[in-house]
Structure formats: structure tokens, C-alpha cells
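What follows is a single structure, written as C-alpha cells, with notes after it.
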Amino acid sequence: MKNRELAKIFNELAEYLEMDGVRFKPYAYQKAALTLENLKDNVEDIYNHGGLKALKAIPGVGESIAQKIEEYLNTGKIEYYEEFRRKLPIDLDELIAVEGMGPKKAKVLFEKLGVTNLRELEEAARANRIAPLKGFGAKTEANILEGIEFLKKSTGRFLLGEALPLAEQVLAALRALPEVEQADMAGSLRRRKETIGDLDFLAVSSQPEKVMDFFVSRPEVVKVHGHGRTKSSVRLRQGLDMDLRVIPTESYGAALQYFSGSKEHNIALRQIAIDQGYKLNEYGLFDREERQVAGVTEEEIYAKLGLAWIPPELREDRGELAAAREGRLPRLIGYGDIKGDLHVHCNWNGGADSIEEIARAALALGYEYVGISDHTKFLRIEHGLDEEQLLARNREIDALNEKLHREGKKFIVLKGCEANIMNDGTIDITDEVLAQMDFVIAGVHSTFKMPRSEMMARLKAAMHNPHVDIISHPTGRILKRREEYEVNVAELLRLAHDTGTVLEINAYPERLDLCDTNIRAAKEAGVRMVINTDAHHIDQLRFMPYGISQARRGWAEKEDIINAWPVQKFITLLK
DNA sequence: GCCGTTTTCGGCCCGACTGTTTTCAGTCG
């Protein structure tokens with residue numbers, strides 16, 4: 001897609017202009033880049049259909065940027081950008097990835113020392129050629145070296161499933177302090193993004209210094225970036241940064257709103273405030289006379305602006321503000337709404353625990369049912385079950401259900417499997433045995449690298465199988481490790497809708513598949529979904545909230561998620 | 001450079017912190 005290439009160029013143009021001290025233009029280019037990144041349609045198609053005029057209809061794209069897009073589509077480059085590149089041939093992305101380095105410092109280091117990339121930056125710092133420069137110093141030079149070290153060993157963003165448990169510990173410790181009146185997570189963590197850059201916390205305290213001292217001396221802290229009265233920032237042993245801000249009570253809601261983001265949501269919200277004659281910042285909502293009219297809670301800020309309170313998971317400027325104004329925000333599925341988990345592996349295949357142990361763990365979580373979905377025979381490495389083993393396992397489940405019934409438990413174990421979709425779209429278990437399952441999940445576990453048309457034919461055949469109820473982890477991505485397979489999501493959703501097949505929201509932290517935007521598209525296409533943990537151990541049943549959070553980010557309601565329904569209701573919906 | 005049921009000109013989000021400075025620039029979120 002050209003959208004991404006153009007977005008990258010416009011972002012870099014913004015940085016170049018920033019270096020030259022040009023005002024406002026960088027913001028314009030950044031905005032255009034952001035729009036392009038999130039644009040559903042291919043900019044090439046837009047141009048081919050409607051020419052320059054259609055390009056200018058894209059928000060943030062005006063006369064000048066439209067012409068640059070046209071130039072890029074016709075010639076493969078943008079002269080205005082190439083000029084900057086010639087003047088300043090540096091790897092800007094790489095350089096400003098170093099903590100404390102920005103475009104201005106990068107420019108000075110190129111002009112004075114000829115630094116064009118990370119390697120040369122490191123050489124210059126090691127040779128102590130940076131410290132003597134005007135505006136730099138020994139401390140800056142040391143920070144650059146440390147930043148490079150961090151960059152080398154850092155794996156970038158962290159999984160929600162890694163960051164959230166860590167943050168919950170810190171938050172609990174903060175809330176336990178007698179000096180802390182109130183504390184919350186903020187940032188992408190509070191919005192439950194699938195990956196997290198750093199941990200943000202807010203607190204109210206009459207003794208900020210004490211709280212800050214506590215914060216920077218936590219056992220997992222390896223470096224203190226900053227230690228102020230209202231803001232402190234540290235690096236954790238685990239390799240990510242965390243920030244704490246202490247906020248006065250009267251501004252707490254405003255700060256929580258502000259630091260929860262997203263940036264895009266906040267910019268749009270701020271504009272709404274401006275349009276109504278207010279000013280919104282992290283201290284509150286202010287009228288023209290600078291009187292604070294809201295800020296203690298988030299609710300009153302949104303309310304004053306004529307908006308319903310917006311759950312943090314929705315704050316991405318993807319239509320939630322208009323929905324909040326018009327009273328049509330979704331009634332999001334709640335973290336307590338799930339009645340059962342349908343994708344759990346037991347010790348008949350790769351899993352660690354017996355069916356009974358799983359059933360009792362699910363009962364303890366307050367579930368009404370659990371579905372055992374063992375791998376099937378094609379997956380040798382996971383000890384997949386063949387037809388005979390599946391039937392024997394089913395008899396064990398029947399016996400267990402009787403036992404639970406005798407104990408007076410209102411709980412049922414459902415008989416399922418996670419069968420394999422072979423390259424030709426057939427399932428590796430006979431129809432006769434599939435028919436004896438309460439439900440059948442099918443998934444792609446082999447030959448991931450298939451051309452798109454073949455992969456779609458494969459999925460189509462599987463979804464047309466009269467026994468296949470659910471497709472597990474539909475795009476196959478593994479966060480930070482493996483790309484999706486070649487799935488045409490729009491077509492997948494059409495097929496799911498037409499065949500009545502349910503798509504899985506896999507809650508396993510490395511998967512989160514479907515992802516939030518695909519969940520939103522599935523909901524809009526009228527496709528039912530199921531949130532499953534894919535647990536191979538009873539401890540992993542606790543992954544469920546990660547899946548729920550992504551469903552919420554995808555605007556999903558209870559009606560969209562079949563395992564938020566009572567067992568009898570969804571079982572009749574299955575094929 | 002973009003945008004406008006307040007504007008086709010005059011706005012664009014802005015405050016905290018660090019490190020370098022003798023009053024502030026650069027970076028970050």
C-alpha cells in the first residue's frame with residue numbers, strides 16, 4: 001500500500017521542518033500522515049477514481065499535500081522531500097529513537113560532527129566529541145550512550161499481557177500507601193491497547209514528595225530519568241519505563257482524561273471544547289474567564305461538553321465522540337459478562353491439567369460452562385487426538401458431567417475440539433465424529449505461507465463444512481513474532497456471515513486475534529464472535545480479560561459475543 | 001500547510017522536566 005509509504009515520508013518531512021524551526025507545517029504533515037495510516041481505502045484508488053480533487057477531500061490533505069501525493073504516485077518520489085534528504089542525509093528515524101534525541105539535536109550533530117546514523121552517533125559519543133558542543137554537555141553525552149544501550153537490548157513495545165500484571169502490582173502498592181488518596185493507571189494501559197510502550201500512573205496525595213520517593217525506589221527500578229514533585233519517570237528491570245504524576249484533587253479527572261489519551265482522541269476533544277468556548281487541559285475545563293467549570297472527574301468534563309462518558313477502550317478517535325454526543329455509544333461487553341470459555345486444552349493432548357481440574361477451575365471463576373477443545377490428529381507435535389481418542393475423551397466428559405450434576409453444581413463441560421484445516425480446506429477428523437461434538441473449532445496450524453487466493457479458498461471450504469462452528473485465531477498473527485497469514489478480512493467476514501460461522505477472539509496475550517479493528521469490522525458485518533483463552537494450563541484461564549478488552553476496543557456488545565450468552569441460547573445457534 | 005454553521009485570515013495543545021544555561025531550548029507525553 002502506498003498509504004504507509006506516503007505516511008512515512010510525510011512524518012519525516014514533519015521532522016525535517018521541525019529541525020528548521022518551521023512552525024505549524026510539521027503539525028500539518030503529521031496530521032496528513034496519521035490520516036493516511038488509518039485510511040481504509042487505498043490512496044491510489046482514490047486518486048485513480050477522483051484525481052486531485054478526491055485527494056483533497058481526505059481530511060488534513062489540502063492543495064499542497066495532494067500535489068505531493070500525485071507526484072509520488074506518478075514518479076515514485078517527492079522532490080520537496082528529496083531536497084531535504086540531500087541537504088541532510090541522515091537516518092532520522094534511527095537517531096530520534098534514542099531517548100533524549102530529537103530532530104534539532106540530530107541536525108546539530110550532523111552539521112558539526114557528520115553523524116548520520118546510530119553507529120556514528122555511538123562512535124561520536126564514545127570519543128567524547130559530543131560533550132564540548134554548545135548546548136550539549138557531559139550529561140547529555142552519557143544519556144545518549146545509555147539510550148543507545150537501551151535501544152539495542154529493548155524489544156520495543158510490551159504485550160498487554162506482560163505490562164498489565166506488572167502495572168497492577170505497582171498500582172496496588174501505590175494505593176496501599178497511607179499518603180495516597182487515589183491512584184489509577186492511565187495511558188495506553190488504561191485503554192488496554194494490545195501492546196504497551198510504558199506504564200503511566202496518576203495519584204492524589206497531600207505529600208507528593210513521599211509518594212515520589214517511594215515510586216523511584218521500587219525494587220524493580222534500575223534507572224531514574226526524572227524525579228520531580230509532580231512528575232517522576234523511571235526504567236524497570238523488565239526493560240520498560242514507567243511514569244507517575246501527582247495531581248491535585250480538583251484536577252484529577254482532567255489529568256486522568258488527558259493522560260489516558262489517545263492523543264488523537266484528546267485533540268478532537270480539545271477541539272470540541274474550543275468550539276464551545278472552553279479551554280481543556282490536564283488541569284481542568286475552563287471558561288473564557290479562566291474559571292474552572294469541570295475537572296474533578298472525567299464524567300463531568302465529558303458531560304459539560306455535551307458528551308456521555310466514554311470508556312477508555314474506545315478513546316481512539318474512531319467515531320466515539322460523535323457517538324457520545326448522539327447517545328449511541330455501544331453498551332460494551334463487560335469484564336464480568338463471560339459465562340464460559342470454549343477453547344481449553346486438557347491433558348489428553350498438549351495441556352497440563354485434567355478435564356476435572358479444568359472444570360473446577362472454571363467453576364471457581366464463576367463460569368456456567370467450559371468447552372474442552374483438544375487439538376486433533378494432524379498436529380502431531382501437540383499430540384492431537386484421532387477419532388477414537390476423541391470419542392473416548394467424550395465418554396470421560398459425560399461421566400464428569402454426571403458427577404458434577406450429582407454434586408448439585410449448575411455447570412456443564414462441553415465436548416469440542418480444535419481441528420485442523422488442511423491445505424485443501426478439508427478437516428482432519430471425519431464428519432461422523434465431528435457430528436458427535438457439542439461444538440467444533442477449526443483452525444489453520446500449518447502451511448502459513450500460502451498465496452491469498454489459496455488461503456481464502458482453504459478457509460472458505462472449512463467454513464462451508466456443516467460441522468465447523470468456530471474459526472480459531474482467524475488471522476494467525478503472533479504479536480512481535482509472526483505476521484498474519486494472507487487473509488482477506490473483508491471476504492472472511494462475508495463468508496462467516498453467510499455460513500453462520502463464529503469467529504474467535506483469541507485472548508492469548510501473544511495472539512489477541514481477531515484484533516480490535518477486525519472485531520469492529522466483524523460486528524458491523526453482523527458476524528458473531530466468541531472470546532476464548534486457548535489455555536493450555538488452568539492458570540491461563542485468567543487470560544480472558546485480555547480478550548474482553550480487545551472486544552471492547554472493537555465496540556463489541558454482549559449480543560455479539562456468544563459466550564456471554566447462556567449455554568442453551570448459543571448451542572442452538574451453532575450448526 | 002490545513003481549516004472554517006463564529007473565520008477565506010489567523011489560528012494551530014501545552015506544561016513539566018532536564019541539562020544547559022545565566023533566562024531558556026529541546027524533548028517528552
Side-chain angles (χ1 to χ4, degrees), chain A residues 10 13-35 55-69 80 95-109 130-144 146-147 186-190 196-202 208 212 216 223-234 241-247 251 254-255 257-286 288:
Chain A
F10 290 147
L13 267 173
E15 305 288 4
Y16 276 124
L17 291 161
E18 185 85 44
M19 279 189 277
D20 286 353
V22 178
R23 298 181 25 97
F24 308 118
K25 285 190 193 185
Y27 182 65
Y29 278 106
Q30 267 171 19
K31 231 172 118 177
L34 195 71
T35 314
L55 290 178
K56 279 167 69 177
I58 302 170
V61 175
E63 185 67 41
S64 169
I65 291 184
Q67 276 175 18
K68 290 186 176 73
I69 294 175
Y80 183 60
L95 291 172
I96 64 176
V98 178
E99 173 102 37
M101 282 285 294
K104 299 236 171 84
K105 281 183 182 160
K107 185 183 186 191
V108 173
L109 291 179
I130 292 177
L133 296 177
K134 189 169 191 293
F136 292 77
K139 190 83 199 211
T140 303
E141 190 173 74
N143 281 343
I144 286 173
E146 267 186 57
S188 53
L189 204 55
R190 182 162 180 244
I196 304 293
D198 55 17
L199 313 183
D200 289 303
F201 300 93
L202 301 182
M212 288 303 187
V216 303
K223 180 178 193 304
V224 177
H225 300 302
H227 183 178
R229 224 178 99 54
T230 63
K231 184 193 167 183
S232 290
S233 177
V234 299
D241 289 343
M242 68 176 187
D243 294 349
L244 171 66
R245 289 179 167 81
V246 174
I247 312 288
S251 296
Q257 195 290 315
Y258 182 87
F259 290 110
S260 293
S262 67
K263 191 176 171 198
E264 292 75 32
H265 174 91
N266 285 357
I267 288 173
L269 187 66
R270 203 176 278 252
Q271 193 57 50
I272 290 173
I274 292 168
D275 291 345
Q276 297 182 21
Y278 294 116
K279 187 181 92 172
L280 177 63
N281 59 28
E282 61 262 54
Y283 298 105
L285 184 67
F286 299 90
R288 286 197 178 80

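To find a chain, count down the sequence lines: A is the first, B the second, and so on, and within it residues start at 1.
- Here the P atom of nucleotide B/dC12 and the CD atom of A/Q30 are 16 Å apart, to the nearest Å.
- Summarising the geometry, the separation between CG on A/D275 and P on B/dT7 is reported as 12 Å, rounded to the nearest angstrom.
- Atom pair A/F24:CZ and B/dC14:C1' shows a separation of 12 Å (rounding to whole Å applied).
- Regarding A/Q276, its CD atom lies at a distance of 14 Å from the C1' atom of B/dT5, rounded to whole Å.
- Screening A/M242, A/H227, A/H225 for a side-chain contact (heavy atoms from CB on, under 4.5 Å) with A/S232, the sole residue that qualifies is A/H227.
- As judged by a 4.0 angstrom heavy-atom cut-off over every strand, A/A138 is placed among residues touching the sugar-phosphate backbone only.
- Checked for salt-bridge contact, A/E146 and A/K223 meet the test: a charged N lies under 4.0 Å from a carboxylate O.
- The backbone N or O of A/A66 sits nowhere less than 3.5 Å from a side-chain atom of A/K56 that would complete a donor-acceptor pair.
- Here A/K25 lies in heavy-atom contact (under 4.0 Å) with a base.
- Nucleotide B/dG29 holds its C1' atom 14 Å from the CD1 atom of A/I96, rounded to whole Å.
- The residue A/K279 sits apart from the nucleic acid: no heavy atom pair falls under 4.0 Å.
- Look at the C1' atom in both B/dT7 and B/dC2: the space between them is 14 Å, to the nearest Å.
- For A/R245, the side-chain atoms get nearest to B/dG29 when compared with the rest of B/dG29, B/dG1, B/dG26.
- For B/dG1, the OP1/OP2 oxygens have a side-chain nitrogen or oxygen of A/Y29 closer than 4.0 Å.
- Rounded to a whole Å, the CG atom of A/L280 is 14 Å from the C1' atom of B/dG15.
- In this structure, CD of A/E146 is placed 14 Å from C1' of B/dT18, rounded to the nearest angstrom.
- Residue contacts for A/D198: at a heavy-atom cut-off of 4.0 Å it reaches the sugar-phosphate backbone alone, with no base atom in range.
- Between the NZ atom of A/K104 and the P atom of B/dC24 there is a distance of 16 Å, given to the nearest Å.
- The A/Y283 side chain lies nearest to B/dG15 when the options are B/dG15, B/dG29, B/dC2.
- Nucleotide B/dT8 forms a pair with no other nucleotide shown, judged by Watson-Crick or G-U wobble geometry with both contacts under 3.5 Å.
- Between A/A66 and A/H225, it is A/A66 whose nearest contact on DNA chain B lies nearer the 5' terminus.
- Within 4.0 Å of A/P26, counting heavy atoms only, lies no atom of the nucleic acid at all.
- For A/T230, the side-chain atoms get nearest to B/dC17 when compared with the rest of B/dT6, B/dC17, B/dG15.
- Of the candidate nucleotides B/dG15, B/dG1, B/dT27, B/dG1 has the atom nearest to the side chain of A/I65.
- Other residues, nucleotides and ligands contribute over 12 non-hydrogen atoms within 6.0 Å of the NZ atom of A/K107.
- B/dT8 sits 13 Å from B/dG4 when the P atoms are compared, rounded to a whole Å.
- Minimum atom distance to the side chain of A/E282 is reached by B/dG15, of the listed B/dG29, B/dG19, B/dG15.
- Using a 4.0 Å heavy-atom cutoff across all strands shown, A/K68 reaches sugar-phosphate atoms only and no base atom.
- Nearest nucleotide to the side chain of A/K139, out of B/dC17, B/dG19, B/dC13: B/dG19.
- For the residue pair A/G60 and A/I65, the shortest heavy atom distance occurs at O-CD1, 4.0 Å.
- Between B/dG19 and B/dC9, the two P atoms lie 47 Å apart (nearest whole Å).
- The two residues A/Y283 and A/S251 make their nearest non-hydrogen contact at O-OG, 2.8 Å.
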